[in-house]
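Each chain gets a letter, A, B and so on, in the order the sequences are listed, and its residues count up from 1.
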Protein chains: 2
Amino acid sequence: MAAEPSDRYRDRPVRRGRRPATSKHELERVAFDLFERAGFEDTTVDDIAAAAGIGRRTFFRYFDSKNDVVWGSFTEQLDAMREQFGRCSADQPIMAALREVVVNFNRFDPAEVPWHRRRMELILRVPALQAHSTLRYAEWRTVVAEFVADRLGLDVDALIPRTVSHATLGVCIAAYEHWLTQADARLTDILDDALASLAGGFSDLA
Amino acid sequence: MAAEPSDRYRDRPVRRGRRPATSKHELERVAFDLFERAGFEDTTVDDIAAAAGIGRRTFFRYFDSKNDVVWGSFTEQLDAMREQFGRCSADQPIMAALREVVVNFNRFDPAEVPWHRRRMELILRVPALQAHSTLRYAEWRTVVAEFVADRLGLDVDALIPRTVSHATLGVCIAAYEHWLTQADARLTDILDDALASLAGGFSDLA
DNA sequence: ACGTTAACGGCATCGAGTGCCAAAATGGAA
DNA sequence: TTCCATTTTGGCACTCGATGCCGTTAACGT
């Protein structure tokens, strides 16, 4: 059941030194289990390390911080999103493309949804994680800003791309927060609605 | 020159116990001075306390955290913004009112501008402060969401008010970040432009 | 067997943040 | 003037996240 320690070395079947004692995935599993029981704040890194059977020092070789545990393979997912942007038709309006890609990016296999929900509950409700999330969101925004900048022939750091990416992220977070309060709503629907409002400049609300 | 220790007791000229050894304002001054020299990260709470001539333990009675030092009287300013929203004409469109109030809220006396710039450079560029700012932004968003909810007869936690407040905040942060890169631009102008873009649903960018 | 390589994990250290509590300072009342 | 109530101070001890250092362990190839 547990992930193979060699998960991280799929692309190098033959390797030299000592094998990793665990994997990011497995650590994530163990940690989420503890978070579920005692809460994020009351679970110490020692707890996680002990439960995973590794030393505390080793934990910090798998994750830069306790906060990072909940972010899974976020960086890899960003790469996927960047690719989706690359496949957008050039004659689709920017905000429409943005809406489509972001919504698609948030489609999950039904089996994964409860897991994703727990992850987002942590990120959006635990103060320490809310705070830390800002740093991860910056990466997300950059992907969006790159797309917008590319389309408009502007620099990534120009005002327009940054403004659009910030606004879009804000809308997504609001949608996510709303989704968490709805027991059985579809995330993609809420995101789609919210992003449509944004593209309309919220003019519908008089 | 230093603020009176009794700053915090303006409304109670006669008081009982021991006088405070310093004030939030004075601590802020001392801290900013150190941040300027050594940077935020390399300035410890001990450094600040020592420079202010108080004990480390006492520092934490003035501020909940080292991060909070840079936020000055943010909560008081939010109250002012809430009042400004209250004075808005009911027939002004929501996004227009939002734009006006937020821009006005960011007008500063020219003499304060350099100070405000340094404050925002810290908040927007130091990772630890970027992260912590999220928690303060939440308060800001609530003020905006309250206004929008009130106007639409919705709950503060409804999707629309939250979405609008998140988007508006995002735009403001983008504007602020842009302002920091421009040596002599007017913050209010940038904010006004960016908020106009938002109200237009970024439709101008095709 | 031996050397190389890579991961492990203990130890020491730093810095933020908190609970506890005695000491200091201040005004008012006896 | 002395004593009391009140309020702030600040030292001490402790927890927890995070990091540098370094010897140890486990795998592989020769």
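- The aromatic rings of A/W71 and A/F74 lie perpendicular to each other, with more than 60° between the two planes, well past the 30° mark.
- Contacts of A/R37 classified as salt bridge (charged side-chain N to carboxylate O under 4.0 Å, His left out), with partners at least two apart in sequence or in another chain: A/D33.
- By the side-chain contact (heavy atoms from CB on, under 4.5 Å) test, B/A145 is found to be paired with B/V156, B/P161, B/R162, B/S165, residues two or more places apart in sequence or in another chain being considered.
- Per the geometry, CD1 belonging to B/I54 stands 11 Å off P belonging to D/dG11, to the nearest Å.
- Judged as a side-chain contact (heavy atoms from CB on, under 4.5 Å), and not counting sequence neighbours, the contacts of B/D192 are B/R99, B/V103.
- Regarding contacts with the backbone of D/dT8, every side-chain N or O of B/Y62 stays at 4.0 angstrom or more from both OP1 and OP2.
- Taking the ring pair (Phe, Tyr, Trp, His ring centres under 6.0 Å) definition, one finds that A/F32 meets it with A/W115, sequence neighbours left out.
- Counting to the nearest Å, the C1' atom of C/dA24 and the CZ atom of B/R19 are 13 Å from each other.
- Residues from residues 119-132 of chain A placing a heavy atom under 4.0 Å of any atom in DNA chain C do not occur.
- For residues 115-139 of chain A, every residue pair satisfying the salt bridge (charged side-chain N to carboxylate O under 4.0 Å, His left out) rule, not counting sequence neighbours, is listed here: A/E28-A/R119, A/D68-A/R136, A/R136-A/E139.
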How does each nucleotide of nucleotides 15-22 of chain D score, in 5' to 3' order, for protein heavy atoms under 4.0 Å: base (B), sugar-phosphate only (S), or none (-)? -SBBBBBB

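- The distance from atom NZ of B/K24 to atom C1' of D/dT8 is 16 Å, rounded to the nearest whole Å.
- Backbone-only contact: A/G55 has heavy atoms under 4.0 Å from sugar-phosphate atoms and none from a base.
- Residues meeting the side chain to side chain donor-acceptor pair (under 3.5 Å) test with A/S73, sequence neighbours left out: none.
- Axis angle between the ends of the helix from C/dA1-D/dT30 to C/dA30-D/dT1, five pairs each and rounded to 10 degrees, works out to 20°.
- A/D155 is linked by a salt bridge (charged side-chain N to carboxylate O under 4.0 Å, His left out) to nothing, counting only residues two or more places apart in sequence or in another chain.
- With sequence neighbours excluded, no residue forms a side chain to side chain donor-acceptor pair (under 3.5 Å) with B/E36.
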Take A/S197 and B/I160 through the test side-chain contact (heavy atoms from CB on, under 4.5 Å) and record every step on the way to the result. CA-CA 9 Å; A/S197 283; B/I160 294 288; 4.1 Å; yes

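- Applying the 3.5 Å distance criterion, the base of D/dT9 shares no donor-acceptor pair with the side chain of B/R18.
- We find that CZ of B/R16 is positioned 16 Å from C1' of C/dA24, with the value rounded to whole Å.
- Remark: B/F105 engages B/Q77, B/M81, B/W140 in a side-chain contact (heavy atoms from CB on, under 4.5 Å) (not counting sequence neighbours).
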